[in-house]
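Reading through the structure tokens given below for one structure.
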Amino acid sequence: MNGAIYGRTGSSVPKQRRRRLVMSFEMVRLDRASSEPLHQQLYRQIREELESGSFDSSASRVPSSRVLAATLGISRPTVNQAFSKLLAEGYLQARKRSGVFVADHLPATFLKAARLATTARTEHSPRVARRVTRMADFRSGRQLDVGIAGPPSVIFVAGLPAVDEFPIAVWERLRQQVLAKKGAHLLRYASSRGELELRKAIAAYLCDFRGANCHPDQIVVVGGMQQAMLTCALALLNEGEVAWIEDPVFHQARNVFAFAGAKIVPRPIDREGLVIGKCSRQNSPRLIFVTPSHQFPLGVTMSLKRRKALIEFAESRDGYILEDDYNSEFRFDGPPLPCLQGLDNAGRVIYAGTMSKILYPSLRLGFLVAPPQLVDTLVKVRAVMDQHSPAIDQATLARFITEGFFLSHVKRIRELYAQRRVFFIEQFQKWLGDYFDLEVTPAGLHFIAWLRRREDLPLFMRACERTCVRNRPLSFFCIKAQLEPAFVFGFAAWSQAQIEQGLAKLASAVKQLKQRGAGNGSSFQIHPFSPAASSYWPSTAVRSN
Ligand SMILES: Cc1ncc(COP(=O)(O)O)c(C=O)c1O
């Protein structure tokens with residue numbers, strides 16, 4: 001405890017006096033050992049304090065950043081970073097020549113919280129379990145949420161599919177048909193393994209189109225990749241046991257393994273996929289998370305040699321591989337490559353698939369294909385979470401697959417994405433080609449664009465901020481990896497007109513900022529990159545020009 005947050009004036013303090021108080025900061029708990037950055041801890045704790053309704057806002061002046069930094073033993077930029085967020089979100093208000101105050105008109109969430117505070121006041125920051133605080137991501141479940149309003153605004157977020165192309169009318173008709181046929185049966189508790197018809201349909205699809213080798217009894221239906229990963233992590237990892245994850249990595253995977261208490265070991269990626277390297281027996285991974293069809297986010301396809309080596313390695317160390325096959329259907333230079341699971345004769349690969357990219361993400365349906373000896377364990381873990389996925393959606397999906405709509409939808413959107421992809425490449429070259437080398441890999445729904453000049457990174461951060469483009473810098477997905485500066489651009493969810501408009505807007509914002517000599521001082525936090533970067537990511541990377 002370093003001193004201080006907003007002086008929580010107890011209820012015994014007269015209101016009048018409290019209003020005139022310059023806040024003191026006794027309640028701030030800054031934990032330097034936490035993976036949560038200090039500025040974020042400060043921001044969160046101040047916000048929580050305000051939301052608790054302790055303050056009669058208008059008279060409450062906030063100490064200057066200098067005073068607060070000295071009191072808390074942290075740097076001024078750290079305090080300023082927390083303040084800028086609170087100012088931007090409307091919790092604080094700057095008054096000319098007077099300083100910073102708690103805002104007169106607080107955000108709606110604040111007011112609601114203040115009303116609730118009479119019954120639900122807490123006298124301290126809640127003490128939450130370590131498994132929560134050790135998660136690296138603090139956006140409270142909003143990681144992939146672009147709100148009901150977006151898109152169509154062009155934000156180039158990776159991982160968003162073209163949901164407006166989903167055949168809603170067909171889905172709705174099939175839903176009515178299954179309800180008419182099965183009626184109340186679909187309203188009861190269902191199997192934690194998943195509906196048999198759906199498991200049969202998925203097994204047939206995987207054997208025919210993904211080169212998998214499986215029986216419907218090996219399938220466990222889950223709530224998307226998120227639950228697939230969590231189920232495996234909780235079923236297979238004891239606290240402190242080693243999990244290998246790719247670096248850079250799908251940020252939600254990192255959170256899952258941190259939450260499960262694993263000792264996370266980030267593994268680098270080369271042109272053949274995850275690097276196995278040397279590893280002592282006692283540090284052997286119990287679980288290895290990989291995206292072999294299309295490494296997220298770098299886009300590498302794991303070579304056959306590396307696939308075989310990985311299975312052999314897992315077998316030799318009594319570990320399991322979790323294969324995330326999230327968007328293998330979207331390969332544009334030929335048929336999708338067979339999955340890792342199909343190569344596995346050792347019972348070491350757990351395959352995980354999701355409907356989020358092929359159909360739509362709010363469906364929250366995915367599946368695991370487990371080696372037979374693991375199925376019951378996975379079902380047991382899945383059942384303690386939420387019993388099962390919604391039976392009506394499962395039955396509708398089974399029919400969607402067996403009646404051929406699934407395959408025709410995949411075919412149609414793959415063609416659409418192929419067109420958008422080519423168009424994106426052309427437009428990107430036109431608008432931003434002077435700044436970036438676009439990495440063109442044969443699969444996936446996003447691109448990596450490598451900045452030619454590292455010093456342009458803050459400029460682009462600001463331009464994205466201005467234009468509301470929410471693509472992420474590659475460093476966002478890195479754990480230890482020190483890569484050259486780059487951005488990840490999703491392209492699938494937007495029409496050609498929108499792609500052009502979005503890229504043109506970004507280019508124009510960059511131009512304006514350059515004219516004004518701006519570009520520094522972005523409020524985004526960026527990871528440093530090192531000169532070692534080029535040795536990490538081979539310079540032979542395929543570039544678009
Ligand atoms: C690597 C990866 N796997 C899986 C998913 C999908 O996750 P879910 O099925 O939980 O929606 C995503 C989403 O962006 C992803 O990037």
Side-chain angles (χ1 to χ4, degrees), residues 135 137 139 141-146 150-151 155-163 166 194 202 210 219-233 243-257 259 266-267 269 273-274 287-302 321-331 336 339-340 350-369 382 385-386 389-390 393-394 397 417 441 443-448 470-472 474 476-479 488-493:
M135 283 194 274
D137 204 312
R139 287 161 299 159
R142 287 182 286 117
Q143 291 84 345
L144 294 163
D145 177 11
V146 291
I155 50 175
F156 296 127
V157 171
L160 294 185
V163 288
F166 182 72
I202 289 171
R210 297 295 305 116
I219 292 185
V220 183
V221 176
V222 290
M225 191 59 67
Q226 197 63 41
Q227 195 173 50
M229 296 185 296
L230 186 58
T231 305
C232 293
W244 277 11
I245 62 177
E246 300 168 318
D247 184 13
V249 71
F250 176 35
H251 54 287
Q252 291 289 75
R254 183 182 179 185
N255 271 342
V256 161
F257 294 112
F259 180 76
R267 300 299 302 171
I269 307 296
L274 178 133
L287 194 58
I288 304 172
F289 173 80
V290 278
T291 46
S293 303
H294 184 247
Q295 200 279 332
F296 187 89
L298 293 175
V300 176
T301 302
M302 192 182 283
I321 301 165
L322 176 54
E323 175 181 20
D324 172 355
D325 205 27
Y326 68 111
N327 67 6
S328 55
E329 281 77 11
F330 305 120
R331 193 163 185 96
C339 62
L340 189 62
I350 306 167
Y351 175 98
T354 174
M355 292 296 150
S356 291
K357 311 291 161 193
I358 317 174
L359 302 185
Y360 60 98
S362 72
L363 182 60
R364 305 314 305 145
L365 279 180
F367 48 88
L368 287 163
V369 182
R382 193 251 182 278
M385 292 182 193
D386 61 346
S389 296
D393 287 334
Q394 289 191 59
L397 177 57
Y417 291 155
T441 52
L445 304 182
H446 67 262
F447 289 111
I448 305 274
R470 278 174 48 189
N471 62 349
R472 297 226 179 267
L474 181 58
F476 174 81
F477 302 99
C478 296
I479 303 173
V488 182
F489 281 84
F491 64 86

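Indexing begins at 1, ligand by ligand and atom by atom, following the structure's order. Owing to the predicted nature of the structure, the values given are computational and were not obtained by experimental measurement.
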Among A253, P297, S356, G444, closest by heavy atom to atom 11 (O) of ligand 1 is S356

Separation between CD1 of I321 and SG of C232, rounded to the nearest 0.5 Å: 12.5 Å

Name all residues meeting the ring-ring contact (aromatic ring centres under 6.0 Å, His included) criterion together with H446; count only those two or more places apart in sequence or in a different chain, and write none if there are none. H294, F296

Examine Y326 against ligand 1 and note whether any of their N/O atoms are separated by less than 3.5 Å. no

Would you tell me which option among V157, D325, D324, V256 has the nearest heavy-atom contact to atom 3 (N) of ligand 1? D324

Would R364 count as a contact residue for ligand 1, given that I'm defining contact as a non-hydrogen atom of the residue lying under 4.0 Å from a ligand atom? yes

Interfacing atoms of ligand 1 (cut-off 4.0 Å, heavy-atom, Q226): 10 (O)

Can an N or O of T291 be found at a distance shorter than 3.5 Å from an N or O of ligand 1? no

Has Q227 got any heavy atom lying under 4.0 angstrom from an atom of ligand 1? no

Quick one: are the ring centres of F489 and F447 less than 6.0 Å apart? no

Roughly how far apart are Y360 OH and L365 CG, rounded to 0.5 Å? 8.0 Å

If I apply the N/O under 3.5 Å rule, does F296 come out as touching ligand 1? no

With backbone taken as N, CA, C and O and side chain as the heavy atoms from C-beta onward, which portion of M355 lies under 4.0 Å from ligand 1: side chain, backbone, both, or neither? neither

Just how far is it from atom CZ of F250 to atom OG1 of T291, taken to the nearest 0.5 Å? 10.0 Å

Kindly identify the option in L160, L363, T354, V249 whose heavy atom sits closest to atom 9 (O) of ligand 1. T354

What is the distance from atom CD1 of I245 to atom CG of L322, rounded to the nearest 0.5 Å? 11.5 Å

Go through the structure and list residues passing side-chain hydrogen bond (donor to acceptor under 3.5 Å, both in side chains) with S356, not counting sequence neighbours. T354, R364

